[in-house]
Amino acid sequence: MNNYSKIEINLIEWFNKNKEPWFFRKDRTPYKVWISEVALHQTRINAALEPLKRFLTIYPNVHSLAKSTEEKVMNAFRGLGYYNRAKNLLRGAVYLEKYYDGIFPDTFEELIKIPSIGSYTAAAILSICFQKKIGVLDGNVKRILSRLLFIEKEINDISFIKTCEKFQNSLFSQIKLNSGDLNEAFMELGQKICTPKNPDCDNCPISDFCFAQKKNKQNILPIRKTKKENITVDWHFFILHYENKFLIQKYNSFCFLKHHWGFPSFSSFENSNENKYSFDNINELTFLKKNNYIESKSLKPIKHSITHHKITMHTNILNLNKVIKNNENLLWVNENEITKYLTASAMIKVWRAFKNN
DNA sequence: AAGTCGGGGAA
DNA sequence: TTCCCAGACTT
């Protein structure tokens, strides 16, 4: 038996003993695998479980998703972050309806043309749903292979990827068991054993084949690009209160959370004197210039982060004595309606802080 | 090839 | 607290 076979058998055996009974592993239709994989991109499984369940309940199939709207899909995706994924899921569903009558194709070339499906998601769908012999290459697998094969190239370097793909082609071309299981085994190994820090090599089913482990260098791999420096940001929100309503607006061209609904706000950045406003024209919100409010109050600042921005959120509550006119980007809503509009975690944090105040 | 986009869990 | 990372798209 060659090493590829041993790796396959050891991994599958380990997976059968240790796999988690995630709900999204029960019904492996291409649609559910697609949505699940996209929801799990760049996020921890535990954090994604409830939002994913909710999304699949609201949109149980391609057709229901395809006929929805961007705003509703983003709200169904709330809590998961990277909301372009939600918009791309909608685009993907529309594309599937238009070109495939809602039925998933089963080739790599066709799948990656669908919005939101890249090489990772295509390989996941092909192996899990169609038993195609193709390896997925996500962050987990890259980390494992960097150690297993001792790849000292920077992760995502073209030669790093080539080395991984060459190994996977050899492994999967001679696979005897289920290729979807083998892919999931790799990823779950990355979550539980071959972790970013302090991998648990003693309990690793393939440590006998791991070159990094032989050299005791598993902790220095994979090699990553030096990360972008954090930027400190102060983000000021205005909760405008008039009778029973609150003013929210669409962030069409703001620096954060584009296309989300939120409270009128502006950000100030370190090393910059220029503030970014969530409203296009400062005259839209005359309260900032004139004293149109009866009383104001501030909440305790809240910490938040968006990619490399370290944000302190400041909330000002203003009780107005006259209403600011609506336009398409400004909306007065009551407490019950507002939760339908607030999608991003940052905004929900602000709203909760206000409610608990 | 590089920039962008959220969020929470681990250390 | 700080650090870390489970892709795809646009330019």
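By convention in this document, chain letters (A, B, ...) are assigned in the order of the sequence lines, proteins followed by strands, and residues within each chain are numbered from 1. Since we're looking at a predicted model, the values are computed, not measured.
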Rounding to a whole Å, what distance do you find between [X]:[atom1] and [N]:[atom2]?
X: Y95(A); N: dA8(C); atom1: OH; atom2: C1'; value: 16 Å
X: I35(A); N: dA8(C); atom1: CD1; atom2: P; value: 14 Å
X: L80(A); N: dC5(C); atom1: CG; atom2: C1'; value: 16 Å
X: I223(A); N: dC5(C); atom1: CD1; atom2: P; value: 13 Å
X: I155(A); N: dA2(B); atom1: CD1; atom2: P; value: 16 Å

Item to check | Euclidean distance for P, dA11(B) against dA6(C) (whole angstrom) | outcome: 14 Å
Next on the checklist: Would you measure the distance from the C1' atom in dC5(C) across to the matching atom in dT4(B) and give it in whole Å?
Outcome noted: 16 Å
Next on the checklist: For the NZ atom on K166(A), are there more than 12 heavy atoms of other groups (residues, nucleotides or ligands in this structure) within a distance under 6.0 Å?
Outcome noted: no
Identify, with sequence neighbours excluded, every residue that meets salt bridge (Lys or Arg N to Asp or Glu O under 4.0 Å) alongside [X].
X: E13(A); answer: K17(A)
X: D234(A); answer: none
X: K192(A); answer: E20(A), E188(A)
X: K355(A); answer: E335(A)

Item to check | Other cluster members, I220(A) - Ile/Leu/Val/Met/Phe/Trp/Tyr, side-chain contacts below 4.5 Å | outcome: F150(A), F211(A), L221(A), I223(A)
Next on the checklist: Could you check whether Q131(A) and S179(A), counting side-chain N and O atoms only, form a donor-acceptor pair closer than 3.5 Å?
Outcome noted: no
Side-chain donor-acceptor pairs of residues 91-103 of chain A under 3.5 Å, sequence neighbours excluded:
{"unit_1": "R91(A)", "atom_1": "NH1", "unit_2": "N88(A)", "atom_2": "OD1", "d": "2.7"}
{"unit_1": "E97(A)", "atom_1": "OE1", "unit_2": "H63(A)", "atom_2": "ND1", "d": "2.8"}
{"unit_1": "Y100(A)", "atom_1": "OH", "unit_2": "E110(A)", "atom_2": "OE2", "d": "3.1"}

For [N], does OP1 or OP2 lie under 4.0 Å from any side-chain N or O of [X]?
X: S345(A); N: dG7(B); value: yes
X: H41(A); N: dA6(C); value: no
X: H304(A); N: dG7(B); value: yes
X: R85(A); N: dG7(C); value: no
X: T121(A); N: dA8(C); value: yes

Checklist entry - Q191(A) near the nucleic acid: base, sugar-phosphate alone, or nothing, with a heavy-atom cut-off under 4.0 Å? => result base
Next on the checklist: At 4.0 Å (heavy atoms only), tell me whether N140(A) reaches a base, stays on the sugar-phosphate, or touches nothing.
Outcome noted: base
Produce the list of close N/O pairs, under 3.5 Å, pairing protein atoms with atoms of nucleotides 9-11 of chain C; give distances to one decimal.
{"unit_1": "dC9(C)", "atom_1": "OP1", "unit_2": "S116(A)", "atom_2": "N", "d": "2.6"}

Next on the checklist: Checking T29(A) now: which residues fulfil side-chain hydrogen bond (donor to acceptor under 3.5 Å, both in side chains) with it, not counting sequence neighbours?
Outcome noted: none
Can you give me every donor-acceptor pair (side chain of residues 196-205 of chain A, partner residue at least two apart or in another chain, under 3.5 Å) with its distance?
{"unit_1": "D200(A)", "atom_1": "OD1", "unit_2": "N203(A)", "atom_2": "ND2", "d": "3.3"}
{"unit_1": "D200(A)", "atom_1": "OD2", "unit_2": "N203(A)", "atom_2": "ND2", "d": "2.9"}

Item to check | Closest-nucleotide 5' rank along DNA chain B - winner of K225(A) and G79(A) | outcome: K225(A)
Polar atoms only, N or O, under 3.5 Å: list the protein pairs with nucleotides 9-11 of chain B and their distances.
none

Hey, can you pull the donor-acceptor pairs under 3.5 Å for the side chains in residues 343-352 of chain A, sequence neighbours left out?
{"unit_1": "T343(A)", "atom_1": "OG1", "unit_2": "N75(A)", "atom_2": "ND2", "d": "3.1"}
{"unit_1": "K349(A)", "atom_1": "NZ", "unit_2": "K303(A)", "atom_2": "O", "d": "3.2"}
{"unit_1": "K349(A)", "atom_1": "NZ", "unit_2": "H304(A)", "atom_2": "ND1", "d": "2.8"}

Filtered N/O pairs between nucleotides 3-5 of chain B and protein, under 3.5 Å:
{"unit_1": "dT4(B)", "atom_1": "OP2", "unit_2": "K228(A)", "atom_2": "NZ", "d": "2.4"}

